*Asks:* 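After the structure tokens below, expect a handful of questions from me.
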Amino acid sequence: MNIPSASSGPDAARPALTDRTALIRNRQRAMRQGHVDLLHRIAADEIEDRLGEINRSFTAPAVVTGFPELWRGYFPTATIVPDDAVLDLRPGAHDLVIHAMSLHWADDPVGQIVQSRHALREDGLFIAACFGGQTLHEARAALAQAEAEVTGGLSPRILPMGEIRDLGGLLHRAGLALPVADLVSQRASYRDLLHLARDLRAMGEGNAIAARLRRPTRREVLARAAAIYAGAHPDRDDPSRIAATFDLVFLTGWAPSDTQQKPLRPGSARKSLADALNEIRKQS
């Protein structure tokens, strides 16, 4: 995920992180194969749980996703649009916008969230799910060490993931109120590195980084990476297998409204913290 610096503006020149053509090709191949992506389903279930905790009925939802059929099954009445650079959403048309497992591939994640906010009605809800944090950190480290040892160089193989604090900051920068960011970590078990790579391709999450190596990786690199991975990250329950981390980050924010609760202005408290603590001590 290419998170712009605080000084970057909408017209700031940034190198493309994602090869969009390759990303779409990867997704189309995954959809043709009919692979059921458990991580998408976990994300969808988590979003449904979060919506269930809100005392409100959403009547005009929209979902931004690269996997329309899967997410339409969860939100059959929603407007489904692809995660293009310019989202096909009408301003003020929705009371709920879900950005579903695509934000980590965005070259301009702030722009994606800003467009989603503009599509919301006043006091409408934005919620996003994406990979972040320590996702696939085991594979990233093993591949980097192996390539450095065998070839003396490095090439980008796994998408850089945003940390939860940085991702949460995007909500504020996009103008959303009451921002919340939280993380659900999942650990998966695979036979070996090749098994993991095949599963990533099957879920449409293969390497679509614009600066990726455009020729086949040498067998010596893959063999060394597999050995490093197996030695450093065995599965706890079955040491003959490897463990892989997938961090799902959930971002929630609301389109501003005068009816929303506002934080108190600094210095507006009627009683100091010290006075409050003294009262507690006297009562105990």
Side-chain angles (χ1 to χ4, degrees), residues 1-8 14 17-18 23 37-54 63-67 71 83 87 96-117 120 124-142 144 156-188 196 200 203-205 207-209 233 243-256 260-261 263:
M1 177 181 290
N2 185 12
I3 298 180
S5 67
S7 61
S8 65
R14 294 188 297 269
L17 169 69
T18 302
L23 178 63
D37 184 3
L38 178 61
L39 292 168
H40 274 258
R41 299 199 180 280
I42 291 173
D45 289 340
E46 287 283 343
I47 289 174
E48 286 190 323
D49 288 345
R50 284 161 168 75
L51 294 176
E53 295 173 356
I54 299 172
V63 179
V64 179
T65 180
F67 293 87
W71 284 87
D83 58 320
L87 299 180
L96 170 66
V97 174
I98 299 170
H99 207 295
M101 298 295 285
S102 300
L103 197 60
H104 52 284
W105 282 111
D107 281 335
D108 182 12
V110 178
Q112 291 282 299
I113 301 176
V114 167
Q115 291 179 74
S116 299
R117 176 176 63 81
L120 287 170
L125 175 64
F126 171 80
I127 185 166
C130 64
F131 290 121
Q134 295 299 302
T135 298
L136 296 175
H137 71 91
E138 305 95 342
R140 187 194 313 277
R157 298 178 180 277
I158 295 178
L159 189 70
M161 304 292 178
E163 294 297 332
I164 187 169
R165 179 179 298 181
D166 296 327
L167 295 174
L170 301 183
L171 297 169
H172 177 73
R173 291 176 56 190
L176 288 165
L178 308 174
V180 176
D182 65 294
L183 181 148
V184 175
S185 188
Q186 301 286 324
R187 287 178 65 84
L196 170 59
L200 291 174
M203 69 174 73
E205 294 290 341
N207 191 353
I209 301 174
H233 304 287
T245 299
F246 294 90
D247 282 350
L248 297 177
V249 175
F250 295 88
L251 307 175
T252 305
W254 296 84
Q260 291 167 348
Q261 292 181 339

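Note that these values count all heavy atoms, side chains included, but never hydrogens, waters or copies made by symmetry. Note that the structure is a prediction, hence the values are computed from the model and not measured. In this chain, residues are counted from 1 in sequence order.
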*Asks:* For Gly66 versus Ser102, what's the shortest heavy-atom pair and its separation?
*Replies:* N-OG, 3.3 Å

*Asks:* Once you round to the nearest 0.5 Å, how far does CD1 of Ile98 lie from CZ of Arg50?
*Replies:* 11.5 Å

*Asks:* Please tell me whether Asp247 and Ser185 have a donor and an acceptor in their side chains that are separated by less than 3.5 angstrom.
*Replies:* yes

*Asks:* What's the shortest heavy-atom distance between Leu248 and Leu39, and which atoms?
*Replies:* CD1-O, 4.1 Å

*Asks:* For the pair Asp107 (side chain) and Thr18 (backbone), establish whether a donor and an acceptor sit closer than 3.5 Å, ignoring hydrogens and angles.
*Replies:* yes

*Asks:* A cation-pi test, strictly: NZ or CZ of Arg187 under 6.0 Å from the centre of the six-membered ring of Phe246 and no more than 45 degrees from its axis. Yes or no?
*Replies:* no

*Asks:* Take Leu196 and Leu136 through the side chain to side chain contact (heavy atoms under 4.5 Å, CB included) test and state the conclusion after the steps.
*Replies:* CA-CA 10 Å; Leu196 170 59; Leu136 296 175; 4.1 Å; yes

*Asks:* Nearest 0.5 Å please: distance from the CZ atom of Arg173 over to the CD1 atom of Ile113.
*Replies:* 9.5 Å

*Asks:* Short question: side chain of Thr135, backbone of Gly133 - any donor-acceptor pair under 3.5 Å?
*Replies:* no

*Asks:* Nearest heavy-atom pair of Ala181 and Gly168: which atoms, and what distance?
*Replies:* CB-CA, 3.8 Å

*Asks:* Determine, stepwise, if the pair Leu183 / Phe250 fulfils side chain to side chain contact (heavy atoms under 4.5 Å, CB included).
*Replies:* CA-CA 6 Å; Leu183 181 148; Phe250 295 88; over 6 Å; no

*Asks:* Calculate, to the nearest 0.5 Å, the distance between atoms OG1 and CG belonging to Thr252 and Leu176 respectively.
*Replies:* 10.0 Å

*Asks:* Quickly, which of Val180, Val110, Leu251 forms a side-chain contact (heavy atoms from CB on, under 4.5 Å) with Leu171? Name it, please.
*Replies:* Leu251

*Asks:* With heavy-atom distances below 4.5 Å as the criterion, would you say the side chains of Arg140 and Gln134 are in contact?
*Replies:* no

*Asks:* Using 30° and 60° as the class boundaries, would you call the ring planes of His99 and Phe126 parallel, tilted or perpendicular?
*Replies:* perpendicular

*Asks:* Would you compute the distance between atom NE2 of His104 and atom CD of Glu205 and round it to the nearest 0.5 angstrom?
*Replies:* 3.5 Å

*Asks:* Counting distance only, does the side-chain N/O of Ser116 pair as donor-acceptor with the main-chain N or O of Gln112 below 3.5 Å?
*Replies:* yes

*Asks:* Looking at Asn207 and Pro156, what are the two nearest heavy atoms and their distance?
*Replies:* ND2-O, 3.2 Å

*Asks:* Any side-chain heavy-atom pair from Val249 and Phe131 closer than 4.5 angstrom?
*Replies:* no

*Asks:* Which atoms form the tightest heavy-atom contact between Leu103 and Ala128, and what is the distance?
*Replies:* CD2-CB, 4.4 Å

*Asks:* Roughly how far apart are Leu167 CG and Cys130 SG, rounded to 0.5 Å?
*Replies:* 5.0 Å

*Asks:* Treating Arg117 as the side-chain partner and Ala174 as the backbone partner, does any N or O pair qualify as donor plus acceptor under 3.5 Å?
*Replies:* yes

*Asks:* Side chains of Ile158 and Ile209, heavy atoms from C-beta outward: is any pair under 4.5 Å?
*Replies:* no

*Asks:* Within the 3.5 Å criterion, strictly below it, is a donor on Gln186 or Thr245 matched to an acceptor on the partner's side chain?
*Replies:* no

*Asks:* Could you state the interatomic distance from CG (Asp108) to CG (Leu17), rounded to the nearest 0.5 Å?
*Replies:* 11.5 Å

*Asks:* Can you list the steps and then say if Asp83 with Thr65 is a side chain to side chain contact (heavy atoms under 4.5 Å, CB included)?
*Replies:* CA-CA 6 Å; Asp83 58 320; Thr65 180; over 6 Å; no

*Asks:* So, for Trp71 and Ala100, which heavy atoms are closest and what is the spacing to 0.1 Å?
*Replies:* CE2-CB, 3.4 Å

*Asks:* Run the side chain to side chain contact (heavy atoms under 4.5 Å, CB included) check on His40 and Phe67 step by step: do they pass?
*Replies:* CA-CA 9 Å; His40 274 258; Phe67 293 87; 3.5 Å; yes

